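These notes are about the structure you will find just below.
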Amino acid sequence: MMKILTKAEEQVMQAIWKIKEGFIRDVLEAMPSPKPHQNTVSTILKILVDKEFVGIKVFGRQHQYYPLITKDIYSKSSIRNLVKGYFGGSFSEAVSFMVKENGLTVEDLETLLTQLKKAKK
């Protein structure tokens, strides 16, 4: 099972997925405002390396970071974990919740169903 990331870790991962690879200044530039302090991002990158989400290429005293896991794979795992943890593994209960709590319309559901049918072909 894939490890779950904190919100701060996810924000750094989003930046890394966006830039594909880069140094800490590149990661910071890719992050939305307000940007965290460079030391904070450096600490989060170390955690992501330990969790095996990010790899490092060493160039002297500088480190270039790159993703070890794709955004797609992480998204799939996160959704599965969310549904398992909050909805007892039932995707239909998760969709029912979204309809009730987030105003998901019948049209939205029909569009989703159409997309799912196309994807299965």
Side-chain angles (χ1 to χ4, degrees):
M1 185 192 307
M2 185 175 300
K3 296 174 180 101
I4 296 174
L5 299 178
T6 66
K7 184 156 179 77
E9 292 166 350
E10 280 190 17
Q11 288 176 339
V12 172
M13 279 306 302
Q14 291 290 343
I16 292 172
W17 285 321
K18 183 177 179 181
I19 64 173
K20 309 281 191 267
E21 67 179 16
F23 298 95
I24 193 163
R25 69 179 176 276
D26 302 316
V27 175
L28 268 167
E29 285 176 18
M31 294 183 73
S33 292
K35 296 182 188 303
H37 191 274
Q38 180 174 332
N39 290 344
T40 302
V41 174
S42 178
T43 299
I44 293 170
L45 284 166
K46 287 176 188 167
I47 292 167
L48 291 170
V49 168
D50 290 343
K51 288 185 174 183
E52 299 179 347
F53 278 81
V54 173
I56 299 176
K57 295 177 190 171
V58 179
F59 296 94
R61 294 184 58 197
Q62 294 205 343
H63 298 131
Q64 186 178 46
Y65 299 94
Y66 58 94
L68 293 175
I69 185 166
T70 66
K71 186 176 182 179
D72 189 48
I73 289 171
Y74 179 72
S75 297
K76 288 175 187 175
S77 177
S78 295
I79 289 171
R80 266 190 244 107
N81 288 335
L82 175 81
V83 171
K84 183 179 178 184
Y86 289 96
F87 302 101
S90 170
F91 281 91
S92 61
E93 281 188 34
V95 171
S96 293
F97 175 82
M98 292 172 65
V99 168
K100 281 189 266 179
E101 299 297 323
N102 297 315
L104 194 64
T105 66
V106 172
E107 291 81 19
D108 293 333
L109 292 171
E110 287 173 348
T111 300
L112 182 59
L113 187 57
T114 301
Q115 291 172 348
L116 290 171
K117 286 178 181 177
K118 285 181 185 176
K120 282 199 169 194
K121 291 182 180 179

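Note that this is a predicted model, so its numbers are computed, not measured.
- Side chain of S42 to main chain of Q38: no donor-acceptor pair is present (N/O by atom type, distance under 3.5 Å, no hydrogens or angles).
- Here Y74 and F53 bring their ring centres to under 6.0 angstrom of each other.
- Between the side chain of S77 and the backbone N or O of I73, no donor-acceptor pair lies under 3.5 Å.
- Under the 4.5 Å side-chain heavy-atom criterion for Ile, Leu, Val, Met, Phe, Trp and Tyr, I24 and F59 are members of distinct hydrophobic clusters.
- The side-chain heavy atoms of E110 and Q115, taken from C-beta on, include no pair separated by under 4.5 Å.
- In K35, the NZ atom is crowded: over 12 heavy atoms of neighbouring residues, nucleotides or ligands sit closer than 6.0 Å.
- Side chain of T40 to backbone of P36: no donor-acceptor contact under 3.5 angstrom is found.
- A 4.5 Å side-chain heavy-atom check between M31 and Q11 finds at least one atom pair inside the cut-off.
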Working note: F23 + Y65, criterion ring pair (Phe, Tyr, Trp, His ring centres under 6.0 Å); need CA distance, chi angles, decisive distance, verdict.
CA-CA 6 Å; F23 298 95; Y65 299 94; 8.3 Å; no

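- The pair K76-D72 counts as a salt bridge, with a side-chain nitrogen and a carboxylate oxygen less than 4.0 angstrom apart.
- Looking only at distances, a side-chain donor or acceptor of D108 sits under 3.5 Å from a matching main-chain atom of T105.
- Transitive grouping of hydrophobic side chains (ILVMFWY, heavy atoms separated by less than 4.5 Å) brings V41 and V58 into a common cluster.
- Taking the side chain as every heavy atom from C-beta outward, T6 and I44 never approach each other to under 4.5 Å.
- Counting heavy-atom neighbours within 6.0 Å of E93 CD, excluding the residue itself, gives a total above 12.
- The shortest side-chain heavy-atom distance between L68 and V54 does not fall under the 4.5 Å cut-off.
- At least one side-chain heavy atom of E9 sits less than 4.5 Å from a side-chain heavy atom of K51.
- Note that NZ of K71 and CD of E10 are 10.0 Å apart. Values are rounded to the nearest 0.5 Å.
- L28 and I47 fall into different hydrophobic clusters, where Ile, Leu, Val, Met, Phe, Trp and Tyr residues are linked whenever their side-chain heavy atoms come under 4.5 Å apart, directly or through other members.
- Remark: the backbone N or O of I69 is paired with a side-chain donor or acceptor of W17 at under 3.5 angstrom.
- In this structure, CG on L45 lies 9.5 Å from CE on M13, to the nearest 0.5 angstrom.
- Q64 places none of its side-chain heavy atoms less than 4.5 Å from the side chain of I56.
- Sparse packing is recorded around OH of Y86, with 12 or fewer heavy atoms of other residues, nucleotides or ligands lying under 6.0 Å away.
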